[in-house]
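Read the structure below first, then the notes.
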Amino acid sequence: MTSEIRYGFVGTGGIAGTHANYLKKIPGVKLVAGCDTNPQHLKDFAARFEIPKENLFDDYNKMARMKDLDAVSVCTPNKLHKMPTIAFLKAGKHVMVEKPMAMNARDAEAMVKAAEQSGKLLVIG
């Protein structure tokens with residue numbers, strides 16, 4: 001990892017803007033990617049936070065393959081936290097997932113197991 005933390009967002013509406021506003025104030029953090037199935041949310045987020053067009057995705061699996069990405073915030077609707085969290089952990093990225101972590105204990109356990117196996121940080125907001 002470089003001295004710069006390259007950060008992305010899965011789910012770019014609502015709370016993602018709050019996360020991004022705070023993160024962009026931290027020296028060494030660069031906002032570099034976004035993913036959303038709502039094209040307007042993604043477009044607005046990208047314009048607001050100067051995310052390059054080539055780093056905008058409608059499929060988090062494609063974003064997880066980015067080499068120049070260190071960490072993500074998963075800001076999707078609650079029922080959609082599990083799968084992107086696991087995908088990014090398996091791809092070697094640190095993950096901050098919004099609360100609630102998961103919809104049930106089984107999903108939360110799968111997310112924790114993915115973090116343990118990856119050696120990456122999993123933080124619940």
Side-chain angles (χ1 to χ4, degrees):
M1 189 166 85
T2 67
S3 60
E4 179 177 74
I5 298 171
R6 299 158 301 197
Y7 209 93
F9 293 83
V10 181
T12 57
I15 195 68
T18 301
H19 286 232
N21 276 328
Y22 286 108
L23 286 167
K24 74 178 187 175
K25 294 177 183 180
I26 300 171
V29 174
K30 183 175 182 183
L31 307 182
V32 299
C35 178
D36 205 303
T37 57
N38 182 315
Q40 192 61 52
H41 286 175
L42 189 58
K43 180 181 175 183
D44 293 347
F45 186 85
R48 183 175 172 192
F49 297 104
E50 301 175 349
I51 307 296
K53 187 174 182 175
E54 64 271 14
N55 291 349
L56 301 177
F57 302 88
D58 62 4
D59 178 344
Y60 64 81
N61 290 298
K62 291 178 182 175
M63 186 171 136
R65 291 192 288 269
M66 280 184 68
K67 289 184 178 14
D68 293 332
L69 182 66
D70 302 307
V72 297
S73 281
V74 175
C75 300
T76 58
N78 298 342
K79 66 182 180 180
L80 302 175
H81 286 174
K82 177 187 172 190
M83 297 309 294
T85 296
I86 291 172
F88 280 93
L89 289 166
K90 286 184 175 182
K93 318 300 184 198
H94 300 290
V95 177
M96 198 301 294
V97 63
E98 259 299 325
K99 63 181 181 352
M101 176 184 187
M103 299 308 293
N104 57 61
R106 186 175 309 124
D107 287 354
E109 287 173 354
M111 294 161 77
V112 169
K113 183 177 179 181
E116 290 170 347
Q117 290 174 341
S118 72
K120 298 299 176 181
L121 296 174
L122 172 60
V123 178
I124 296 82

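Each residue takes its place number in the sequence, starting with 1. Quantities reported herein were computed from a predicted structural model and do not represent experimental measurements.
With sequence neighbours left out, Thr76 forms a side chain to side chain donor-acceptor pair (under 3.5 Å) with no residue at all. Remark: Lys82 engages Asp107 in a salt bridge (charged side-chain N to carboxylate O under 4.0 Å, His left out) (not counting sequence neighbours). Residues satisfying the side-chain contact (heavy atoms from CB on, under 4.5 Å) test with Ile51, not counting sequence neighbours, are Leu31, Phe45, Ala46, Phe49, Asn55, Leu56. Take Asp44 and apply the salt bridge (charged side-chain N to carboxylate O under 4.0 Å, His left out) test, not counting sequence neighbours, and it matches no residue. Listed by chain and residue number, nothing satisfies the side-chain contact (heavy atoms from CB on, under 4.5 Å) test with Asp58 (two or more places apart in sequence, or in another chain). With sequence neighbours excluded, no residue forms a side chain to side chain donor-acceptor pair (under 3.5 Å) with Thr85. The side chain to side chain donor-acceptor pair (under 3.5 Å) search around His19 returns Ser73, Glu98, not counting sequence neighbours.
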Going by atom type alone, with no hydrogens or angles, which donor-acceptor pairs under 3.5 Å involve a side-chain atom of residues 20-29 and a protein atom two or more places apart or on another chain?
| residue | atom | partner | partner atom | Å |
| --- | --- | --- | --- | --- |
| Asn21 | ND2 | Gly17 | O | 3.2 |

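The hydrophobic cluster around Val97 extends to Val10, Val32, Phe57, Tyr60, Met63, Met66, Leu69, Val72, Val74, Met83, Ile86, Phe88, Leu89, Val95, Met101, Met111, Val112, Leu122, Ile124, counting ILVMFWY residues whose side-chain heavy atoms fall within less than 4.5 Å of a member. Taking Ile, Leu, Val, Met, Phe, Trp and Tyr as members and joining any whose side-chain heavy atoms lie under 4.5 Å apart, directly or through other members, Leu80 forms no hydrophobic cluster with any other residue.
The number of heavy-atom neighbours closer than 6.0 Å to CD of Glu54, taken from other residues, nucleotides and ligands shown, is above 12.
Minimum heavy-atom separation, Ala108 to Ala102: N-CB, 3.6 Å. Of all heavy-atom pairs between Ala91 and Ala64, the closest is CB-O, 3.4 Å. Minimum interatomic distance between Gly11 and Ala16 (heavy atoms only, all atoms of both residues): O-CB, 3.2 Å.
The distance from atom NZ of Lys30 to atom CD1 of Ile5, rounded to the nearest 0.5 Å, is 13.5 Å. Here the CZ-NZ distance, from Arg6 to Lys67, works out to 11.5 Å after rounding to the nearest 0.5 Å. Rounding to the nearest 0.5 angstrom, the gap separating the CE atom in Met96 from the CZ atom in Phe9 is 8.0 Å. Atom-to-atom distance recorded for Asp36:CG and Thr12:OG1 is 3.5 Å, nearest 0.5 angstrom. To the nearest 0.5 Å, the span separating NE2 on His81 from CE on Met103 amounts to 9.0 Å. Going from atom NZ of Lys43 over to atom CG of Asn38 covers 12.0 Å, rounded to the nearest 0.5 Å.
Side-chain atoms of His94 come within 3.5 Å of backbone N or O of Leu121 as a donor-acceptor pair.
Pairs of residues two or more places apart, or lying in two chains, never qualify as salt bridge (Lys or Arg N to Asp or Glu O under 4.0 Å) while including a residue from residues 116-125.
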